[in-house]
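A quick write-up on the structure given underneath.
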Protein chains: 2
Amino acid sequence: MPHCHTYLKKLRDHGYRITPQREMIVQIIAHCGRHMSAEEVMEKVREKTSSINIATVYRTLDLLVENGLASRFDLGNGKTAYATGEHGPHIHLVCKHCGSVTEITESDISASLDKIEDLYDFDCRPYHFSVHGLCRDCRDANPD
Amino acid sequence: MPHCHTYLKKLRDHGYRITPQREMIVQIIAHCGRHMSAEEVMEKVREKTSSINIATVYRTLDLLVENGLASRFDLGNGKTAYATGEHGPHIHLVCKHCGSVTEITESDISASLDKIEDLYDFDCRPYHFSVHGLCRDCRDANPD
DNA sequence: TTCCCTGCTGCGAATATTCTCAATAAAGGA
DNA sequence: TCCTTTATTGAGAATATTCGCAGCAGGGAA
């Protein structure tokens, strides 16, 4: 469960510059412990300083995602959520019908994920992606 | 491997109306056999008629996704692709670094997917979602 | 076949995200 | 500490997608 300084160090090690904006953004999503939209992250930063732009928030979040320090996931309604891998690998099951999101943690699925990784030689740590389907409620209410 | 009439019938059975726009959109993505953006779908429809609006294309594609007749997948750069389940369940591995997309077919991953389904009682046929990670090339070029 | 109800469409506005580019500032070297 | 290089930022435009609403039309009822 890496601390926000670990994230910053990793960025620095990768040759990226550490700016006040990046520090604040990393601090916020590392300590939040849940998923946040770019808009939410910006509001949190705004509580500390007015010197922040939404484009910078998106760019920083993308940077974290590209370097494996955070994950992006599409909620399926035009919104995107971001989170660090701090609370461990997990999958989001997003219901295509009602939009409900169910979170599944690593211990439940490690076998499946390991298999995907072994087979495809694809580094996806922290595992964090979304699967869109129908939740039990929606399926029961409207069977095929 | 359902034919486009099957899709239309399913929509009708679900109580949705079949309009010329919906027919054309279903025909196009059912016969295309690959992923298409909403913009591409609209261009194809425009070859047949000018009576189509991008909002309708999005709405119809969403309708198909919600009813399990097609899948949406986020390419990670603000673009979204759609496809029917015609060519079978599969997972897209999207490289977070270079954006390359690797497609994995059902036979390769059925064990993993079955496990996810069994554990979480989540109907996700046709399985079709994306996992974002680092492809082998990018990982080799820029190890942690 | 005709009528009517209500779901669907097109249009334009709203929203979320990305892009462009000039100005700024981080970080290493002198 | 100061200088230099160049990555990063902010502002606003561009793009992708969704939303709201008024008018239209699919399809069941008569």
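Below, all heavy atoms of this structure are taken into account, side chains as well, without hydrogens, waters or symmetry copies. First the proteins, then the strands, lettered A, B, ... as listed; each starts at 1.
Here the CD-CZ distance, from A:Glu66 to A:Arg59, works out to 12.5 Å after rounding to the nearest 0.5 Å. Rounding to the nearest 0.5 angstrom, the gap separating the NZ atom in A:Lys10 from the CG atom in A:Asn67 is 9.5 Å. Atom CD1 of A:Ile18 sits about 5.0 Å away from atom CG of A:Leu11, to the nearest 0.5 Å. Interatomic distance, A:Glu47 CD to A:Met24 CE, rounded to the nearest 0.5 Å: 12.0 Å. Taking CD1 of A:Ile25 as the start and CE of A:Met42 as the end, the distance is 10.0 Å to the nearest 0.5 Å. Atoms CG and OH, from B:Leu64 and B:Tyr16 in turn, are 10.0 Å apart once rounded to the nearest 0.5 Å.
Within the structure, every pair that satisfies the salt bridge (Lys or Arg N to Asp or Glu O under 4.0 Å) test and touches residues 12-23 of chain B, not counting sequence neighbours, is listed here: B:Lys9-B:Asp13.
OP1 or OP2 of C:dG10 sits under 4.0 Å from a side-chain N or O of B:Gln21. Contact annotation: B:Thr19 does not reach the phosphate of D:dG26 (side-chain N/O to OP1 or OP2, under 4.0 Å). The shortest distance between the side-chain N/O atoms of A:Thr80 and the OP1/OP2 oxygens of C:dT17 is below 4.0 Å.
Here D:dT8 presents its P atom at 13 Å from CD1 of A:Ile25, a figure rounded to the nearest Å. Atom NZ of A:Lys9 and atom C1' of C:dA27 are 16 Å apart (whole Å). For the pair A:Leu63 CG and C:dT18 P, the computed distance is 13 Å after rounding to whole Å. Here D:dA16 presents its P atom at 13 Å from OH of B:Tyr82, a figure rounded to the nearest Å. Between the CD atom of B:Glu39 and the C1' atom of D:dT18 there is a distance of 15 Å, given to the nearest Å. In this structure, CG of A:Leu8 is placed 13 Å from P of D:dT8, rounded to the nearest angstrom. Atom-to-atom, CD1 of B:Ile18 to C1' of C:dT9 comes out at 15 Å; the value is rounded to the nearest Å. Atom P of nucleotide D:dT8 and atom NE2 of A:His14 are separated by 13 Å, given to the nearest angstrom.
Listed nucleotides: C:dT17, D:dG26, C:dC8. Nearest to the side chain of B:Tyr16: C:dC8.
Residues of residues 41-54 of chain B having a heavy atom closer than 4.0 Å to DNA chain D: none are found.
Across all non-hydrogen atoms, the minimal contact from B:Glu40 to B:His35 is OE1-O, 4.0 Å. B:Ile29 approaches B:Val41 most closely through the heavy-atom pair CG2-CG2, 3.7 Å. Annotation for B:Tyr7 and B:Leu69: closest pair CE2-O, 3.4 Å, computed over non-hydrogen atoms. When all heavy atoms of A:Tyr82 and A:Ala38 are compared, the closest pair comes out as CD1-N, 4.4 Å.
Rounded to 10 degrees, the angle separating the terminal helix axes of the helix from C:dT1-D:dA30 to C:dA30-D:dT1, each built from five base pairs, is 30°.
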Detail all sub-3.5 Å separations between protein N/O atoms and N/O atoms belonging to nucleotides 20-24 of chain C.
unit_1	atom_1	unit_2	atom_2	d
C:dT20	O4	A:Arg59	NH1	3.4

Atom pairs under 3.5 Å, N or O on each side, protein against nucleotides 2-6 of chain D: can you list them with distances?
unit_1	atom_1	unit_2	atom_2	d
D:dT6	O2	A:Arg17	NH1	3.1
D:dT6	O2	A:Arg17	NH2	3.2

Could you list the donor-acceptor pairs under 3.5 angstrom formed between side-chain atoms of residues 48-56 of chain A and any protein atom two or more places apart in sequence or on another chain?
unit_1	atom_1	unit_2	atom_2	d
A:Lys48	NZ	A:Gln27	OE1	3.0
A:Thr49	OG1	A:Ser51	N	3.0
A:Asn53	OD1	A:Ala55	N	2.8

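The 5' end of DNA chain D is approached more closely, in terms of each residue's nearest nucleotide, by A:Thr60 than by the other of B:Pro20 and A:Thr60.
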